[in-house]
Amino acid sequence: MTARRGPTRHSFKLPGVSLSLREPILNWYAEKARDLPWRRPDATSWGILVSEIMLQQTPVARVLPAWEAWLRRWPTPADLAAEPPGEAVRQWGRLGYPRRALNLHACARRIVAEHGGEVPSRYEELRALPGVGDYTAAAVASFAFGGRHVVLDTNVRRVLARAVQGVRYPARATTAAERRIAESLLPAVDAPRWAVAVMELGALVCTARSPRCADCPIIDRCAWRLAGCPDHDGPPRRGQAYAGTDRQCRGRLLAVLRQAHGPVPKAALDAAWDDPVQRERALDGLVADGLAEVLEDGTYRLPG
DNA sequence: CACCCGTGGTA
DNA sequence: TTACCAAGGGT
C-alpha cells in the first residue's frame, strides 16, 4: 500500500495536501500575529468571553475600543451582574446585534449565581450560557483555559475549504465533512495556538474577497490554489438586505432609547420611523426580546 | 434548516 | 453605488 503519512488518517480529495499544514501556519502566526488585547497573557477569562461575544459578526477594528471600555467599566462578571440589563445595552453602543449585550449581562448573572463569579472552564458549561454557541464555547474553553477543541469559525472554515477541500468558499452551514477535517488537524498539544493561528490566517491572508495568496505560508500545498483557484460554483451567496427592514427600524428605535437616560415618550419613537405598521411591529419585537420596556404611563426605556 | 437579528467598512 | 462581509446564535 502507498504509505501516506501525515497528521490525518482521513483521505481528502487531494490526499497529501493536508500533509503538513500546521507547521507553516504556526510559524507564520509566530511572526505575523496581531497584538490583540484579549490575546495578551494578562487577559482574564471574562475579558476573553466578552471579546468572543463582541466579535460575533463584528470586525476586530470596531470591537477594540468597545472591549476596552466595557472591561474598564465592568472588570469582572460580578461588576456587570450588579447592573440592570439596560446598562449593558447602553454600553454596547452601536456594535450591532444588541441582544448580545443582553446575553453578556445574562451570562454575568448566571456566572455569579451558578459558578461562584468565575467564568466556567469546561465546554459544556460554557455552551449552556446564553448567547454562547458551539464556536464561542470552543473558543473560550481553548483561549481562556487551554482546552483542546475544534474551533470552527468563518475564518477557519474558509481556510479549510480552500487549503483542504479545494473550493473558494465553504458551504452555507457547517458540514460533517468540515468537522472531520478540522478534527483531523487538531494537534494533541497546544491546540489553542493552532486554533488561533488558523483563524488569524483566515483573517489576514486567506480573506473572503481577495485573498493575499502571495503572503500565504501554505500556497504551495493549498488545494484550491493547486486546482487553479476555481470560482465558487453553486447558488450565489445571499446578501443581507438592510435598508427599510425591520432590523433597521429596530436599530433606529433602540438608538433613541440608548441615547436617552430616562423613559422616552412614545412620540419620540414615532419620530424615528415613518411607517407606523413596521414601527409598531419593531417596537413590539424589541419589548418581546427584552431590549425595551413599556412603563405604565406608556413611556419606553431600556430594560431596568 | 432558512431566516432573523445591527452596523459600518470596503471593493 | 450596491453588494458583500465581519471570531455567530437562536428558533
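Proteins get letters first, then strands, A, B, ... in listed order; numbering begins at 1 in each.
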Check: Is atom CD of A:Glu118 surrounded by more than 12 heavy atoms (other residues, nucleotides or ligands) closer than 6.0 Å?
Finding: no
Check: NA contact type, A:Leu95, heavy-atom cut-off 4.0 Å: base, sugar-phosphate, or nothing?
Finding: base
Note to self: Taking any heavy-atom pair under 4.0 Å as a contact, classify A:Arg158: base, sugar-phosphate, or nothing.
What the structure shows: sugar-phosphate
Next item on the list: Quick one: label A:Leu36 by what it contacts on the DNA or RNA (base, sugar-phosphate, nothing), any heavy atom closer than 4.0 Å.
Entry: base
Notebook entry, point to check: Pick one: which of A:Val60, A:Leu55, A:Val196 meets side chain to side chain contact (heavy atoms under 4.5 Å, CB included) with A:Leu36?
Noted result: A:Val60
Check: Rounded to whole angstrom units, what separation is found between the CZ atom of A:Arg157 and the P atom of C:dA6?
Finding: 11 Å
Note to self: Among A:Arg99, A:Arg247, A:Arg100, exactly one meets salt bridge (charged side-chain N to carboxylate O under 4.0 Å, His left out) together with A:Asp289. Which residue is that?
What the structure shows: A:Arg99
Notebook entry, point to check: Rounded to the Å, how far apart are A:Leu55 CG and C:dA7 C1'?
Noted result: 5 Å
Next item on the list: Give a yes or no on whether a donor-acceptor pair under 3.5 Å exists between the nucleobase atoms of C:dC4, that is its base, and the side chain of A:Arg209.
Entry: yes
Next item on the list: Name the nucleic acid region contacted by A:Arg94, choosing base, sugar-phosphate or nothing; use a 4.0 angstrom heavy-atom cut-off, strictly under.
Entry: sugar-phosphate
Margin query: Mind checking if A:Gly96 touches a base, just sugar-phosphate, or nothing, with heavy atoms under 4.0 Å?
Written below: base
Check: Base, sugar-phosphate, or nothing for A:Val151, non-hydrogen atoms under 4.0 angstrom?
Finding: nothing
Check: Hey, does A:Arg258 reach any base, or is it just sugar-phosphate, or nothing, if we go heavy atoms under 4.0 Å?
Finding: sugar-phosphate
Next item on the list: Give the rounded distance in Å between these two atoms: CG of A:Leu102 and C1' of C:dG10.
Entry: 14 Å
Next item on the list: For the side chain of A:Arg34, starting at C-beta, report the closest nucleotide among B:dT10, B:dG6, C:dA7.
Entry: C:dA7
Notebook entry, point to check: Which comes earlier along DNA chain C counting from the 5' end, the contact point of A:Val60 or that of A:Leu129, where each point is its nearest nucleotide?
Noted result: A:Val60
Check: Between atom CG in A:Leu201 and atom C1' in C:dA7, what is the gap in whole Å?
Finding: 14 Å
Margin query: Is the phosphate of B:dG6 approached by A:Arg250 (side-chain N or O, under 4.0 Å from OP1 or OP2)?
Written below: yes
Checklist line | Interatomic distance where CZ belongs to A:Arg252 and C1' belongs to B:dG8 [whole Å] | finding: 14 Å
Check: If you check every side-chain atom of A:Tyr169, which of C:dC5, B:dG6, C:dA7 has the closest atom?
Finding: C:dC5
Next item on the list: Give one of base, sugar-phosphate or nothing for A:Trp92, where a contact means two heavy atoms less than 4.0 Å apart.
Entry: nothing
Notebook entry, point to check: So which heavy atom on A:Leu185 is nearest to which on A:Trp194, and how close?
Noted result: O-NE1, 3.8 Å
Next item on the list: Have a look at A:Asp246 and say if it touches a base, only the backbone sugar-phosphate, or nothing, with a 4.0 Å heavy-atom cut-off.
Entry: sugar-phosphate
Item checked: Length of the line joining A:Arg212:CZ and B:dT10:C1', which is rounded to integer Å -> 12 Å
Margin query: How close do A:Cys107 and A:Val132 get, counting heavy atoms only, and between which atoms?
Written below: SG-CG2, 4.3 Å
Note to self: Mind checking if A:Ala208 touches a base, just sugar-phosphate, or nothing, with heavy atoms under 4.0 Å?
What the structure shows: sugar-phosphate
Note to self: Please classify the nucleic acid contact of A:Thr58 as base, sugar-phosphate, or nothing, using heavy-atom distances under 4.0 Å.
What the structure shows: base
Next item on the list: Determine the interatomic distance between C1' on B:dC1 and the same-named atom on C:dG10; round to the nearest Å.
Entry: 12 Å
Next item on the list: Would you mind telling me which residue lines up with the more 5' stretch of DNA chain C, A:Glu200 or A:Arg127, judged by nearest nucleotide?
Entry: A:Glu200
Notebook entry, point to check: Roughly, in whole Å, what's the span from OH in A:Tyr97 to C1' in C:dA7?
Noted result: 14 Å
Notebook entry, point to check: With a 4.0 Å cut-off on heavy atoms, is A:Thr136 in touch with a base, just the backbone sugar-phosphate, or nothing at all?
Noted result: sugar-phosphate
Notebook entry, point to check: Under 4.0 angstrom, heavy atoms only, what part of the nucleic acid is A:Phe143 near: base, sugar-phosphate, or nothing?
Noted result: nothing
Margin query: Applying a 4.0 Å non-hydrogen cut-off, can you work out what A:Asp134 is touching in the nucleic acid: base, sugar-phosphate, or nothing?
Written below: sugar-phosphate
Check: So, are A:Asp270 and A:Lys266 salt-bridged, with charged N and O less than 4.0 Å apart?
Finding: yes
